[in-house]
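Here the structure is laid out as structure tokens; the discussion comes afterwards.
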Amino acid sequence: IDDLPVFVFTSADAQFRGFEAVADAEVARIGGVDLHADAAIDYVRASAAGSDLPRIPPLSGLFGLEARAALGEARIEVEYAARQNRVAAFERATDAYAMINAHVSLRPFGEDRPTVRIAIDNLNDVEARQHTSFLKDLAPLPGRKFKISVDGMF
């Protein structure tokens, strides 16, 4: 209508299959620093009447390594999404991506005092598009992003 696509969403008997898995482990303790590793993976496959459903996310995962101490934490992680090529009619496939995120949180005055946090998201500045987004063809996720924040309780 008016040169814009119009879609009708209806319900149907759909079949969803998938899994989620999460793991977190303390890898080592060196002096007053605890080293932790964690991973989270999820996958879903969805269809109705033998056809793929729209905007179903691909296999994705978050894999991190974190050092924790009284003075603060440092973390590096990889956020991964596989290519999604099981698409519905009028939907385009989405490429895979792997973004590297990192942050450092410092508590120079003690645990219950203000925390200074420096974070870098998408450190490797990859072009990433979320398959579930209505705007994925127009707007990718943000590129490299720096954030500095101070948190405190009062």
Side-chain angles (χ1 to χ4, degrees), residues 7 9 14-48 51-153:
F7 296 95
F9 291 87
Q15 185 177 48
F16 286 78
R17 296 179 306 269
F19 68 88
E20 289 183 15
V22 177
D24 185 350
E26 184 175 322
V27 176
R29 183 174 182 86
I30 303 167
V33 178
D34 293 329
L35 189 60
H36 289 256
D38 58 79
I41 300 172
D42 62 80
Y43 175 76
V44 67
R45 176 88 167 96
S47 61
S51 297
D52 294 309
L53 293 180
R55 287 190 326 282
I56 300 299
L59 171 72
S60 63
L62 184 67
F63 311 94
L65 192 59
E66 186 169 344
R68 301 174 188 164
L71 183 61
E73 297 92 34
R75 177 177 175 83
I76 188 158
E77 64 186 22
V78 175
E79 183 178 341
Y80 173 76
R83 175 177 168 77
Q84 179 57 289
N85 56 5
R86 292 185 168 132
V87 295
F90 304 105
E91 186 179 33
R92 295 171 64 182
T94 307
D95 290 336
Y97 64 86
M99 291 191 296
I100 299 171
N101 305 316
H103 79 252
V104 174
S105 297
L106 299 174
R107 292 182 296 276
F109 307 110
E111 294 226 8
D112 293 331
R113 303 286 186 224
T115 301
V116 177
R117 184 168 195 245
I118 301 168
I120 305 172
D121 293 333
N122 197 359
L123 179 64
N124 51 335
D125 200 25
V126 298
E127 183 175 303
R129 297 176 187 270
Q130 282 185 326
H131 187 75
T132 57
S133 172
F134 281 102
L135 301 175
K136 72 176 182 178
D137 294 327
L138 301 173
L141 294 172
R144 187 178 301 120
K145 178 172 53 174
F146 298 91
K147 297 182 280 188
I148 298 174
S149 62
V150 177
D151 297 331
M153 296 174 20

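Given the structure is predicted, the values throughout are model-derived calculations rather than measurements. Numbers here are sequence positions counted from 1.
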Side chains of [X] and [Y]: closer than 4.5 Å at any heavy-atom pair?
{"X": "F146", "Y": "D121", "answer": "no"}
{"X": "D38", "Y": "F63", "answer": "no"}
{"X": "I100", "Y": "I76", "answer": "yes"}
{"X": "H103", "Y": "I120", "answer": "no"}
{"X": "E73", "Y": "L106", "answer": "no"}
{"X": "L62", "Y": "E77", "answer": "yes"}
{"X": "V87", "Y": "H131", "answer": "yes"}
{"X": "Q130", "Y": "Y97", "answer": "yes"}

Non-hydrogen atoms of [X] and [Y] that approach each other most closely:
{"X": "P114", "Y": "P108", "result": "O-CD, 4.0 Å"}
{"X": "A93", "Y": "N85", "result": "CB-CA, 4.0 Å"}
{"X": "N122", "Y": "P142", "result": "ND2-O, 3.1 Å"}

Starting from the C-alpha separation in whole Å, work towards a yes-or-no answer on side-chain contact (heavy atoms from CB on, under 4.5 Å) for V78 and M99.
CA-CA 6 Å; V78 175; M99 291 191 296; over 6 Å; no
Give, for atom [atom1] of [X] and atom [atom2] of [Y], the distance between the pair rounded to the nearest 0.5 Å.
{"X": "L35", "Y": "I30", "atom1": "CG", "atom2": "CD1", "answer": "6.0 Å"}
{"X": "L141", "Y": "S133", "atom1": "CG", "atom2": "OG", "answer": "8.0 Å"}
{"X": "L59", "Y": "I41", "atom1": "CG", "atom2": "CD1", "answer": "7.0 Å"}
{"X": "L71", "Y": "R107", "atom1": "CG", "atom2": "CZ", "answer": "7.5 Å"}
{"X": "R117", "Y": "K147", "atom1": "CZ", "atom2": "NZ", "answer": "6.0 Å"}

Are the side chain of [X] and the backbone N or O of [Y] linked by a donor-acceptor pair below 3.5 Å?
{"X": "R75", "Y": "E66", "answer": "no"}
{"X": "D125", "Y": "R144", "answer": "yes"}
{"X": "N124", "Y": "A98", "answer": "yes"}
{"X": "D52", "Y": "A88", "answer": "no"}

Next on the checklist: Going by the rule side-chain contact (heavy atoms from CB on, under 4.5 Å), which residues pair with V22 if we only count those two or more places apart in sequence or in a different chain?
Outcome noted: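 V22 satisfies side-chain contact (heavy atoms from CB on, under 4.5 Å) with A40 only.
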task: Hey, could you give me each pair passing salt bridge (Lys or Arg N to Asp or Glu O under 4.0 Å) that has a residue in residues 17-30? Not counting sequence neighbours.
output: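 Non-adjacent pairs meeting salt bridge (Lys or Arg N to Asp or Glu O under 4.0 Å): R29-D34.
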Any side-chain donor paired with an acceptor under 3.5 Å for T115 and D151?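 Judged by distance alone, the side chains do not pair up.
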May I ask you to check whether over 12 heavy atoms, not counting those of R92, lie within 6.0 Å of atom CZ? no
Within a reach of under 6.0 Å around CZ of F7, are more than 12 heavy atoms found that belong to other residues, nucleotides or ligands? yes
Determine, stepwise, if the pair F16 / L53 fulfils side-chain contact (heavy atoms from CB on, under 4.5 Å).
-> CA-CA 10 Å; F16 286 78; L53 293 180; 3.7 Å; yes
_Aromatic plane relationship, F19 with Y43 - under 30° parallel, 30 to 60° tilted, over 60° perpendicular_ =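 Answer is tilted, since the angle falls between 30° and 60°.
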Side chain to side chain donor-acceptor pair (under 3.5 Å) test vs T94 passes for just one of R129, Q84, K136, namely K136
